[in-house]
Peer 1: 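Shown below is the structure under consideration.
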Amino acid sequence: MKLTLTVRRGSEIRKHHLELTLPSDAAATGGIARYTLGAERGEMDWAEVAPGVYSILVNGRSYEAQVVTSSPTGTPGEASRVVTVGTLDFQVSVHDPRRRRGAASLAAADGPQEIHAPMPGKIARILVSRHQEVVAGAGLLVIEAMKMQNELRAPRAGRVEEIYVEEGKGVEAGTRLVRLA
Amino acid sequence: MKLTLTVRRGSEIRKHHLELTLPSDAAATGGIARYTLGAERGEMDWAEVAPGVYSILVNGRSYEAQVVTSSPTGTPGEASRVVTVGTLDFQVSVHDPRRRRGAASLAAADGPQEIHAPMPGKIARILVSRHQEVVAGAGLLVIEAMKMQNELRAPRAGRVEEIYVEEGKGVEAGTRLVRLA
Amino acid sequence: MFRKVLIANRGEIAVRVMRACREMGIATVAVYSEVDRKSLHVRYADEAYAIGPALSTESYLRIDRILDAVKRSGAEAVHPGYGFLAENPDFARACEEAGIVFIGPPVEAMELLGSKTASRQAVIAAGLPVVQGADRNLETFEEVARVAAEIGYPVMLKASAGGGGKGLRLVHAAGELESAYRTARAEAQNAFGDPSVYIEKYLERPRHVEIQILGDQHGNLIHLGERECSLQRRHQKVMEECPSPLVDANLRRRMGETAVRVGKLAGYFNAGTVEFLVDRERNFFFLEMNTRLQVEHPVTEMVAGIDLVKEQIRIAAGEPLRWRQEDVEMRGAAIECRIYAEDPANNFFPCPGLIRRLQAPRGPGVRSDSGVYEGWTVPIEYDSLLAKLVVWGSDRSEAIARLGRALAEYEVFGIQTTIPFFRRVVEHPQFLAGEIDTSFIDRALAEGILAHDEPSAETERVALLAAALDAARNGLGRPPAPAPEITWKMAGRDGLLDRWPRKL
Amino acid sequence: MFRKVLIANRGEIAVRVMRACREMGIATVAVYSEVDRKSLHVRYADEAYAIGPALSTESYLRIDRILDAVKRSGAEAVHPGYGFLAENPDFARACEEAGIVFIGPPVEAMELLGSKTASRQAVIAAGLPVVQGADRNLETFEEVARVAAEIGYPVMLKASAGGGGKGLRLVHAAGELESAYRTARAEAQNAFGDPSVYIEKYLERPRHVEIQILGDQHGNLIHLGERECSLQRRHQKVMEECPSPLVDANLRRRMGETAVRVGKLAGYFNAGTVEFLVDRERNFFFLEMNTRLQVEHPVTEMVAGIDLVKEQIRIAAGEPLRWRQEDVEMRGAAIECRIYAEDPANNFFPCPGLIRRLQAPRGPGVRSDSGVYEGWTVPIEYDSLLAKLVVWGSDRSEAIARLGRALAEYEVFGIQTTIPFFRRVVEHPQFLAGEIDTSFIDRALAEGILAHDEPSAETERVALLAAALDAARNGLGRPPAPAPEITWKMAGRDGLLDRWPRKL
């Protein structure tokens with residue numbers, strides 16, 4: 001299986017080509033997998049020890065990796081994985097190079113952008129109105145949760161095209177809040 | 001929902017009639033349920049806090065009950081539940097009285113009886129041969145597991161009709177071992 | 001001894017009190033709001049009664065509903081935990097009038113010590129050291145300006161009814177005073193319904209050190225040494241230790257004696273904490289007294305070998321103290337981390353939600369006091385303290401090494417917590433050297449203590465392999481378990497979020 | 001100090017040693033057999049190497065394969081844990097020859113103390129008290145009969161190479177001797193490949209009390225008090241406490257000094273345990289010395305405040321002991337329960353299988369040393385110790401109350417464990433009074449300590465309601481999660497199972 005992987009940590013983005021050969025038993029929860037990563041060939045001994053949690057041995061070293069799948073804000077429909085190795089997080093997108101879905105998915109969106117609720121809570125206040133121009137960092141709205149008020153700010157300058165919520169209403173994590181053009 | 005319940009603790013068996021009224025939302029993981037148990041009417045406030053684990057409040061008292069479904073040995077196909085309340089275990093069979101499946105299922109079997117492996121392990125020795133007459137308590141075979149040899153004894157007197165395993169072979173929990181007539 | 005005790009609280013402290021009761025053979029009664037039906041304290045208790053909707057003012061702060069639950073359950077005493085009604089003299093008095101025991105200090109002591117200015121006056125009258133400042137509320141700006149000029153800048157404006165960093169303003173020079181005065185009053189009004197402020201000298205890089213006291217109803221009052229609570233983020237404690245790396249035997253004795261005197265002048269009994277500021281010359285000044293169990297009481301318990309909650313209950317039942325001052329032997333060192341449902345990578349944004357995986361550390365010297373469980377959903381309505389990780393070591397350096405080990409073992413998935421933040425703190429050279437003060441954490445954060453580690457090539461390779469493995473097994477695009485919280489984590493890292501205390 | 005240590009063991013003790021290493025900044029190397037790929041010690045380690053198939057003799061007992069893993073990993077020292085190679089002088093010598101450090105005593109001390117008869121002779125020669133009996137192996141039945149007649153019945157026949165209750169026979173009168181001699185020799189031959197037996201006076205209801213010693217390579221040797229290990233089932237320890245309810249300061253001092261003398265006469269260093277029998281008049285007799293860390297070491301750690309595994313590593317690295325005898329201060333009381341995968345309701349039948357749910361107790365004074373996790377399948381190949389629950393209290397009665405609370409919190413589903421058994425023990429009046437001896441558990445079991453409690457009508461009602469609720473939600477007949485282990489539990493309760501140690 002040939003894959004293209006894009007990994008992001010902080011602001012840095014790196015792209016890798018990886019070929020992985022798994023044993024044919026699809027139901028197996030562990031085994032030896034061979035891989036080619038760039039010019040390097042190797043073997044990993046993997047075992048799924050809990051759903052999404054892998055014990056991985058490479059060259060005798062023992063690692064634990066937790067894999068969570070998610071859709072990053074702004075690019076719904078494009079699945080990406082957050083991999084935690086020990087205490088470090090990596091955001092990794094996995095693509096099939098034959099399908100040519102872009103590594104561009106992780107780049108910043110230039111077009112209209114939807115702002116989603118980062119957490120469940122109540123909309124305490126809306127700080128902008130429709131069609132208002134905002135600068136990057138301007139407060140958009142305030143969500144109240146866990147005895148704190150949390151202000152959500154604009155990721156970039158733009159114009160508020162749509163406000164999807166009302167003051168006083170509860171929202172779930174991921175609820176669309178504002179569309180910025 | 002009208003149910004007939006048979007509860008076994010140790011050697012004692014008791015039968016109960018219970019009517020339970022749940023809220024109509026089948027996907028709910030908690031709520032208030034009304035019940036009639038014999039002559040007693042009451043309410044329970046229940047919440048599923050983990051798969052098969054219920055927090056139950058009755059008259060202000062807080063209980064935790066774990067429910068595991070199983071088929072007791074000798075009566076395959078007849079589902080039964082083991083309910084652990086605090087530190088006490090109850091074996092409970094739940095029947096729909098309209099279907100008239102018997103509370104007899106918990107009674108001792110008189111006819112031929114299959115002995116199943118109570119644990120995974122290896123058959124270390126077979127102590128009887130086919131057609132041999134055995135007394136109650138006679139050793140049938142020895143399963144080796146966890147650095148110990150474990151002898152399985154006859155639950156009653158009878159004749160060994162069939163031996164399904166061989167010495168040296170591994171068995172899973174529940175594997176048929178011997179048929180006693 | 002009581003046969004049944006009601007715990008008028010939720011979360012980790014409710015469970016902690018119930019554990020003490022269970023070890024004493026006392027039946028426990030929980031109260032809960034609508035959103036807490038599945039909370040651990042309800043599951044843990046022998047009995048549980050609903051007391052209203054999620055909003056605290058309609059449930060955990062409703063004295064009438066709690067007393068009603070007391071009546072229904074037949075409980076003989078109430079433990080208030082910390083927060084909610086723990087320092088409310090009206091509640092203590094209502095218990096008394098209902099003929100049940102309030103597990104805490106006498107009402108009069110709560111009243112005297114509950115007012116920052118009244119307690120200050122009493123302490124000054126007894127000739128004990130306090131932070132220089134006003135000994136009463138200041139009604140006008142002119143008064144404030146005059147007192148500030150007297151004691152000299154920098155000064156701290158504080159809400160009289162305050163707590164938790166609200167209504168607090170640091171003023172460096174006279175020119176800043178007027179605007180600070182206005183905003184502090186406005187915040188105090190918003191937060192506590194009372195705009196009164198007073199003023200204190202601001203100590204440069206002070207340390208916050210507090211003394212645990214314990215007294216019975218027969219006039220015996222002792223102290224159990226100090227706790228170092230200088231590790232605060234925005235004036236809220238996040239990590240505490242016992243003993244303080246600053247305090248030697250002589251200072252401990254002097255602070256302990258002062259704390260006992262504060263307790264005595266208020267006619268105090270049960271457990272209480274006297275808070276001090278300590279300056280760079282090791283002068284100490286009375287700050288305030290907390291008339292309840294502290295969040296951080298476990299560090300004292302582990303070093304003193306005394307179960308404070310059980311002692312609270314015994315004292316409330318009228319038993320005499322079982323230790324004289326000279327019987328108290330402190331051994332080793334303990335450190336507590338407050339595990340909050342907050343995302344340190346994202347400006348400590350609160351992070352309620354489903355705990356999908358939870359593995360607390362174990363092994364030698366590790367204590368975990370928790371109010372949560374795997375599969376439980378942290379509600380948005382209450383404060384975000386999930387659990388406390390407390391470790392003991394034969395000395396401070398063993399305790400720190402053990403804390404690092406325990407933090408590395410701690411796994412919480414589904415929501416973000418302050419665990420990664422503490423992993424950085426325990427490696428910080430200044431923390432290791434014990435050179436901490438109340439602004440250490442804010443400084444360390446500003447200096448980038450949480451900056452990304454550059455991963456080794458090996459670690460990144462494992463991340464790639466794990467992602468590829470997971471994709472190969474579960475499909476490239478279809479997420480097996482969508483996790484919106486990750487969205488927030490990744491999207492919000494760029495500092496696009498800010499937060500402040502909710503106005504009540 | 002070492003940079004990297006290999007742990008030649010598995011299960012809870014491997015994890016416990018790795019925790020100590022991690023706190024000391026030492027990298028850890030695990031070894032594992034085929035069935036242990038997913039075991040916790042492999043996950044916990046920094047490195048892990050496969051050393052062969054499940055059978056111990058082909059993996060954990062293979063000195064060559066372990067030394068190969070040492071070489072591949074570059075480890076500088078090996079910790080053997082307990083069991084497997086821990087008391088094997090050949091392994092210690094092989095380490096020495098390979099230029100790596102064996103974390104344990106010197107080879108010569110292991111050899112001298114490893115033989116029950118040789119160590120007995122040495123102790124007798126030093127004038128220390130031993131249980132009356134033969135001081136060498138007895139080659140003929142005539143010799144056995146003569147010695148038995150000399151010391152008087154009842155006597156105990158013991159396998160010289162023995163341990164764990166194998167090859168042990170109690171003989172009440174001369175008429176029983178011959179048949180007991182034959183079966184003991186046969187068992188010893190089967191279990192250890194060596195039929196040699198010797199004979200000891202049988203003490204009536206003796207107590208098993210052992211002394212922890214700790215010595216460095218510079219001639220310093222101290223003791224850390226005793227452990228009471230009388231709670232045994234069929235000669236295997238199940239529950240241990242520190243201090244012993246029997247031992248007072250004077251007896252502790254005398255036993256401690258004797259233990260230190262035993263260590264000195266063998267040139268001992270590192271951690272070791274001297275086992276004694278104590279009779280009803282508080283006379284104590286040397287039984288044997290274990291030249292390794294004991295399973296029950298945590299109770300001493302909690303009371304002494306000393307991390308024995310870290311001390312073992314420091315001693316092996318050549319560091320001098322950090323305590324003199326007079327520096328050791330014991331505080332409070334600690335009790336350990338060995339959580340085995342065995343079904344107490346079913347004659348302690350072993351119970352491997354999938355752990356479907358695991359919730360270890362938390363809160364004050366609770367330590368959990370575990371080698372397992374939820375979702376892991378306990379294999380059938382190794383002994384059934386899953387975890388150790390250890391509690392500390394300011395005195396024995398607080399420790400027992402806490403243990404009861406912790407056992408009530410402990411949830412393991414999917415497999416049966418000894419937890420329900422311990423719940424009964426902590427309520428037993430004789431245990432509460434400290435009136436225990438080595439046959440207490442077997443007697444209590446025979447007297448029906450595990451008999452069914454009659455449930456209250458309320459509890460039964462809840463069981464019915466839960467069953468009905470589950471049936472209403474998940475269907476009457478279709479099991480949502482089949483659980484064969486329940487089968488076994490329910491079916492096998494009638495005593496139709498018996499078990500004995502595997503012949504090697």
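Throughout, protein chains are lettered first and strands after them, A, B, ... in sequence-line order, and every chain is numbered starting at 1.
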Peer 1: Nearest 0.5 angstrom please: Q66(B) CD to R356(D) CZ, how far?
Peer 2: 7.0 Å
Peer 1: Do E144(B) and I380(D) make a side-chain contact, defined as non-hydrogen atoms from C-beta onward lying under 4.5 Å apart?
Peer 2: no
Peer 1: Rounded to the nearest 0.5 Å, what's the gap from CG on D89(B) to CD on Q416(D)? Could you check?
Peer 2: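 Between atom CG of D89(B) and atom CD of Q416(D) there are 7.0 Å.
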Peer 1: What I'd like to find out is whether the side chain of E48(B) reaches to under 4.5 Å of the side chain of L469(D), using heavy atoms alone.
Peer 2: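 Of all side-chain heavy-atom pairs linking L469(D) with E48(B), none is under 4.5 Å.
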Peer 1: Do you know which of L465(D), D470(D), V462(D) makes side-chain contact (heavy atoms from CB on, under 4.5 Å) with Y54(B)?
Peer 2: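 The single option meeting the side-chain contact (heavy atoms from CB on, under 4.5 Å) with Y54(B) is D470(D).
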Peer 1: Contact part of E40(B) toward chain D, heavy-atom cut-off under 4.5 Å: side chain, backbone, both or neither?
Peer 2: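 Side chain only.
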Peer 1: Would you name the heavy atoms of L18(B) and A468(D) that are closest together and state the gap between them?
Peer 2: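 Heavy atoms of L18(B) and A468(D) come nearest at CD2-CB, 3.8 Å.
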Peer 1: Do you know the tightest heavy-atom contact between L464(D) and L5(B)?
Peer 2: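 For L464(D) versus L5(B), the nearest heavy atoms are O-CD2, 3.6 Å.
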Peer 1: Step by step, work out the side chain to side chain contact (heavy atoms under 4.5 Å, CB included) result for R357(D) and V53(B).
Peer 2: CA-CA 10 Å; R357(D) 191 170 142 78; V53(B) 182; 3.7 Å; yes
Peer 1: What's the shortest heavy-atom distance between E458(D) and Y63(B), and which atoms?
Peer 2: OE1-OH, 2.9 Å
Peer 1: Looking at every non-hydrogen atom in both residues, tell me the closest pair between A471(D) and R81(B) and how far apart they are.
Peer 2: CA-NH2, 3.5 Å
Peer 1: Report the option among R14(B), K122(B), M1(B), R61(B) that has the most heavy-atom pairs separated by less than 4.5 Å from atoms of chain D.
Peer 2: R14(B)
Peer 1: Go through the atoms of P455(D) and report whether side chain, backbone, both or neither lie under 4.5 Å from a heavy atom of chain B.
Peer 2: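 Looking at P455(D), backbone and side chain both touch chain B.
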Peer 1: Report, as yes or no, whether the 6.0 Å neighbourhood of atom CD on E172(B) holds more than 12 heavy atoms from other residues, nucleotides or ligands.
Peer 2: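 No.
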Peer 1: So which heavy atom on A466(D) is nearest to which on I56(B), and how close?
Peer 2: CB-CD1, 3.9 Å
Peer 1: R473(D) and A28(B): which non-hydrogen atoms are nearest, and at how many Å?
Peer 2: NH2-O, 3.1 Å
